[in-house]
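Accompanying notes for the structure given below.
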Amino acid sequence: MIELETIRPFFEDKKELLAEILNRYPDYGRRSAVMPLLWEVQRSERHVSEARVEEIAGILGLHATEVKGVMSFYSTYHEQPLGKYHLQVCSTLSCSLAGSDQMYDWLVEELGIVNGETDRDGLFSLQKVECLGSCGTAPVLQVNDVYYERMTRSRCKEVLAALRRDELPEPWLERGGDNVSAEKAQIESES
Amino acid sequence: MKVKVNDAELELKAGTSAIDAIFAAGYDVPYFCSQEYMSPIGACRMCLAKIGAPRKDRDSGEWIIDEQTGEPKIFFFPNLMASCTTAIMEGMVIDTLSKEVKDAQNGMIEFTLVNHPLDCPTCDKGGACELQDRAYEYGAGQSRFVFDKRHQEKHHALSELITLDRERCIHCKRCVRYFEEIPGDEVLDFIERGVHSYIGTLEDGLPSNFTGNITDFCPVGALLDSTSRFRGRNWEYDHTRSSCLDCAVGCAITIDARTGRIERIKAARNTQVNNDWICDGGRFGHEYVDADERLKTPLIRRDGKLTPSTWEEAAAFINDKLADLGAKETGIILRADATLEEGVAAKALAAQLETGQLDHFPRLAASVIPQGVRATLNDVATSDAILVLGDVSEEAPIVDLRIKEALKGVTPPELMPHGVPLADLRLKERMPRQREILTVASPYRCDLMKHAGSTLTYPAGTEVELLASLLQAANGEGEISEEAAMRLGSSPEQLNDLLKRLSGAKNPVIIYGAFVLAASEASNAVQALAKAVGAKLLAIGPMANSYGLEALAVLPSHARYSVQEMLRGSAKALIVSGLDVAKDAEAAKALKELELLVVHDSFANATTELAHVVLPAKTAYEKEGTVVNLEGRYLPLKPAPVENGQSEDFCGLVKFLGETMGTRLEGRSVRSARRLLKKRLQLDLSELSEEGYLSPAKAKAASKFKLKESYELEGNLLLTPSMIRHEQLSRNAHLHAVYGDAALRLNPADAVAQDLNDGDVVAFELQGIERQAVIKRSEAVPVGLMLLPALPEQPAALLWLEPTKLIKAAVAEVLA
Ligand code: SF4
Ligand code: SF4
Ligand code: FES
Ligand code: FES
C-alpha cells in the first residue's frame, strides 16, 4: 500500500500557544478562536491550506466549511502561498480618485501579474484591497505590513526597485499634507 | 399589544414581529430572507416598512400627547425598518403603503436584480419564483444597471442530489441558516465576501440526511433538485399532497407529476408532524416508480411461463384454484406499509375464505403501540429530557429533527391567522443548544450522538439489561453496580444522572425503535421504566402503517399462522403483497410446494418467479388511503396521476376476487373500506384533515416486566434500519449515486483481522437470504460487531454470522 505523506498538524508542537489562544474565550465562545488560529497559520506559512482549515475545524469542533467561510471573508488570509512581498493596492473610492487604478495598472505591467496572483519567483503578490483607513493620504500601497502613502509614479518605482534588491524601504507615512518622517509619525501616534 | 397596520388595528402577543403583524392584518410586504421555522436575520432588506410608536415621558411616565389630535404622538424611526427583525410595541404604527415604502421596495428589487442573470426562460423555478413574483409586484420594472453582471458557476453540483446555480443566488442565507439551525450541521456557508460571495461547502457532497429541503425554500432557482432539473415548469406539474410511506413518521409531501411520471417530491407542511422538512430518503426515493421493468399487467403462469392477462381472468384463475383447494388453507400477507383500507380489504377476504392465516410484515416481537402514555412529535419537540434508544436518525429521520428542535428550548410556534409566523423572534442564529437534556443509547456510535449531552454505546443485545438496571434503580430496588454499568458501556453516575434527569423533568420522553421492539422483554422494560419516571413513550415501528395494521388487527388468529409459519408450510395457497418472501431460500422451497401462489407487487423478483399469478400493485404514491403513524395519528394518502398500467391496490385485488366469487366484500374499494372504518372508529376518513387526526390513546395496562437471568439476545451482526429503502436502491439512481450499495460496516480492527478492505464486495448467506454488501470500515462500530442494512424481508435483528462466511465476490461476478 502506498502511504501518502501525511502533513504534520500545524499546532502539534505548539500546544502552549494553542492553549493560550483557546483560553482567551469562554467554552461556549470557542468558535471565536477561529480568527487567531487562522492568523497564526497565515503568518507562519504565508497561506492557509485546506489541510490547515480542516485542522482548525477539528480543534474547534466545527465543520471545515464554517472555517472556510470565515477565512474567505477576510482578504488577510490566502489560499495560495503569498510572495515574499505582498503588494496591496487600495482600490476604494478615495484612493481610486487619487489614481490608485493607474498605480495598479502600472504594477500589473511591471510585474506581469494581476490581482490575486504571485509571480513565478515567489517574490511578489499583487492584490486589490478595500479601504486601508488612510484615505486622507491616498493613494495607498501596502507592502506586507508597511504603508506607503500618497504614492506617485516615481515613489512606486523607488519602492519596487528597493524590493527587487530585497530591501523593504522604510514606511512612507504622511499626515495632514505634510511629509512626516517615520520616527515623527511614530512619536505622534504614541503621544 | 395593540398595533395598527395601515388602516387595520389588531391585538397581538408581545414578541410578535412587525412582518407577522403586517401579514396578520391581511397586508403584504415582499421578503426573501425570512423563512418559517428559521431565525429572522434582516439580511435582504426587502421587508422595509415605516414604523413608529408612541413614547412615554421620562419624568411623568405619561404618554406624550400630540397637541393637534390629543392622541399619543407617534414617533417614527428615522429610517425604514426591516419588519422581520422589529418586535411590535404597544401602540405601534406600521405603514407599508406610503410612497416612501414603495420607493424603498423599488430600490431594493433593483439592487437584488443588479447581479441576477434573469434567465427565467430557462430556469426551473420560473413561474414559482419568489424573486420573479416580487419583482413583478413590487419592482419598478426597469433597471438602471448597464454594466456587466457578475458571472459565476451555473451548474455546480453541491452533491449528486442538489445542483447550485451561483449566478441566480440572491444571498438570502436561508440555506446556510437551515443547516446550522435545523439539522444542526453547518455544512454550507458563504465563501468570500460582498459581491464575490457564493454558497459553497468543503464537505464532500453535503454530508447530511436532510439536504433536499434547501431546494424547497430557496426563493430563486439557485438550488435545484437534480432529479427533476429541466424536467418541467411548476405550472405543468400536477401537485398532489399526500404522506410519505418510507418510515413510520408519515411526513406530509407534495408529489409533482407530469405526463404520468413523478418528477419530484417536495416537503409539505404538517405543523404536528414534520413542520416543513422531509428527509432525503423520502424526497429522492421515488425514481423506482418509473422504472421500465415496472409490472403493469396481470400475469398468469401458463405452461410454466407468466403470460399477460387481465384482472378478470386472473381473478377467475385464482378462484378456481381456491375452490379446488378449500380456501381455509389460504394465507394472506401484507407489507406493513399497506393502508388501513387495504387492511380492511385483506381482513374481509380472509373472513370470506374463512382463514385465520393473515398477517402483516415486517412485524417485530413487541407491539408498536406503547402501553403507557404516548408521546406526540410535538411532545418530543417540547421535551426537557429525552432518552433515545437506537438510531432514530436512520429509523425515523424526522424524529431526529424534532429532537434537535427540543435542544433549542423554543416551543413550536403558535399559529397566526396567516399560519406559521414568518419571523419567530425567539429563534436566533447559532442558538446555544441544551445538549444536556438529550441522552442517546445505541449499540454503535450514531449520528445523533454528536448532539447529545450524554451518550452510551452498549453491547448489542443488552437492551433488556440496560433497561432493567435503570428500572431497578428507578424503583429503588437496587443500586446500579459499577460492574453492571461497565458491562453496559456506562457508569453508575451516568445511569443515575439519566434517571434523575428523566424523573425531574416536566415532560420527559423515551424514544425507542427496532432494537427494543425486537424483544418483548425489552419493550416491557421500557414501558415499566417510563411509568416509573413518568415519561411519555414514542415507539418507532418498522414501517409506515405498522401502528395502523396492528390496531386494526391485521393479524393471524393464532401464533402458528404468523408470516414465518405461513412461509414454512402452514398455508397451501398464499397471497403475498409487496414482499419478496422467496429471498429466503428455505421459504422459497416451501413456496414451490404451494398449490397457489399469488404475488401482488410492482416489480418482478424471486417470488414472482415462483408465482402462479402476478398482479401489478400500486406504489405508495398512487394509492388513496390512510395510514397511522408512530404517534397514532391518522394521515391521508392521495393518489398522484402516475402511469401505472393496470396496477391496483389491495382493495382492487379484493374487488376482482370478490366479483368472481359473487360477493361484494368490505374493502372492495377505498370507499367501502371507509364505511366500515367509520363505524369502527367513529371517524370519517374521507374527511380527514391534511394534518391528520390523533387517535385518542387507549389506556392499556402495561405488561409486567420480570427480570430473568439471561435473555439470550446474542449475535455479531446487527441488521439496522436505514433512511434509504435498500430494496429499491438500485432503481433510485440519484440516491444510489450518493449512498452506494448496501454497506457492511465493521470496526477497522476487525476488518484487518478478516483481511477486508474498504470497497471489497462480500457475498454471504444470512438466515437463508443471499446478501451482498460493500465493506466499509468505521470507528463508529464497536469491535466484534457488524452492521448491515435491514430489508423488508429481513427486518432489524441481532444475528450470528461467521466472519469466515464473508466471501469476497470476484470482481467479474460483481460486474455481471
Ligand atoms: S442559494 Fe438560494 S437559499 Fe441559498 S442563499 Fe442563495 S438564494 Fe438563498
Ligand atoms: S422521515 Fe420518514 S416519513 Fe418523513 S420523509 Fe423521511 S422517510 Fe418519509
Ligand atoms: S480609500 Fe484607500 S485608504 Fe481609504
Ligand atoms: S430583511 Fe429579509 S425579510 Fe426582512
Side-chain angles (χ1 to χ4, degrees), chain A residues 1-4 7 25-35 37-38 41 47-80 88 90-93 96 101 114-117 127-132, chain B residues 152 156 158-159 164 166 171 173 175-181 183-208 211 214 407 409 428-436 447 449-453 748 751-752 755-760 777:
Chain A
M1 228 161 76
I2 311 161
E3 286 289 323
L4 289 176
I7 313 160
Y25 308 97
D27 248 3
Y28 62 83
R30 238 183 162 207
R31 203 173 171 274
S32 311
V34 103
M35 286 291 274
L37 295 182
L38 281 169
V41 175
H47 79 301
V48 186
S49 65
E50 209 157 286
R52 299 301 187 222
V53 168
E54 271 159 26
E55 182 186 340
I56 293 173
I59 292 171
L60 300 176
L62 305 173
H63 281 282
T65 306
E66 237 178 302
V67 177
K68 180 76 179 187
V70 174
M71 173 187 154
S72 63
F73 183 88
Y74 294 96
S75 53
T76 323
Y77 307 122
H78 298 267
E79 284 176 12
Q80 300 299 328
Q88 296 148 79
C90 174
S91 43
T92 307
L93 194 63
S96 185
D101 291 350
V114 296
N115 184 25
E117 289 183 342
Q127 193 183 4
K128 283 187 177 180
V129 295
E130 301 304 327
C131 181
L132 293 171
Chain B
Q152 287 199 330
H156 179 82
L158 276 178
S159 73
L164 167 66
R166 287 183 168 145
H171 306 106
K173 212 183 176 189
C175 55
V176 171
R177 274 141 69 216
Y178 164 80
F179 276 111
E180 195 277 321
E181 295 178 21
D185 283 315
E186 193 166 340
V187 294
L188 202 61
D189 212 336
F190 280 125
I191 312 289
E192 295 285 339
R193 164 178 63 166
V195 74
H196 306 290
S197 339
Y198 60 87
I199 297 295
T201 179
L202 285 198
E203 270 41 64
D204 197 14
L206 292 186
S208 162
T211 64
I214 59 178
L407 301 186
K428 301 269 165 0
E429 276 192 284
R430 295 216 173 74
M431 292 183 82
R433 307 305 210 284
Q434 340 167 13
R435 291 172 200 279
E436 64 283 0
D447 231 36
M449 287 187 174
K450 278 194 300 214
H451 302 264
V752 170
D755 191 24
L756 292 170
N757 285 313
D758 269 346
D760 283 353
R777 302 165 172 220

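All values reported here derive from a predicted model rather than from experimental measurement. The chains referred to below are lettered A, B, ... by the order of the sequence lines, with proteins before strands, and numbering in each begins at 1.
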field: Electrostatic pair A/R31:A/E66 at N-O distance under 4.0 angstrom
entry: yes

message: I'd like to know if B/E180 and B/K428 make a salt bridge, using a cut-off of under 4.0 Å between side-chain N and carboxylate O.
response: no

Side chains of A/T65 and B/E203, donor plus acceptor under 3.5 Å: yes

Heavy-atom closest contact (B/D185 atom, B/H451 atom, distance): OD1-NE2, 4.1 Å

message: What residues of residues 49-62 of chain A make heavy-atom contacts with chain B at a cutoff under 4.5 angstrom?
response: A/E50, A/V53

message: Using a 4.5 angstrom heavy-atom cutoff, name the option from A/K68, A/E130, A/M71 with the most pairs to chain B.
response: A/K68

- prompt: Taking atom SG of A/C131 and atom CG of A/L93, what is their separation to the nearest 0.5 Å?
  reply: 9.5 Å

- prompt: Just one of B/L188, B/D189, B/I191, B/L164 clears the side-chain contact (heavy atoms from CB on, under 4.5 Å) bar with B/T201, so which one?
  reply: B/L188

- request: State which residue, out of A/S91, A/S75, A/C90, fulfils the side-chain contact (heavy atoms from CB on, under 4.5 Å) condition with A/K128.
  value: A/S91

- prompt: Given a strict heavy-atom distance threshold of 4.5 Å, which part of A/F73 is in contact with chain B: side chain, backbone, both, or neither?
  reply: both

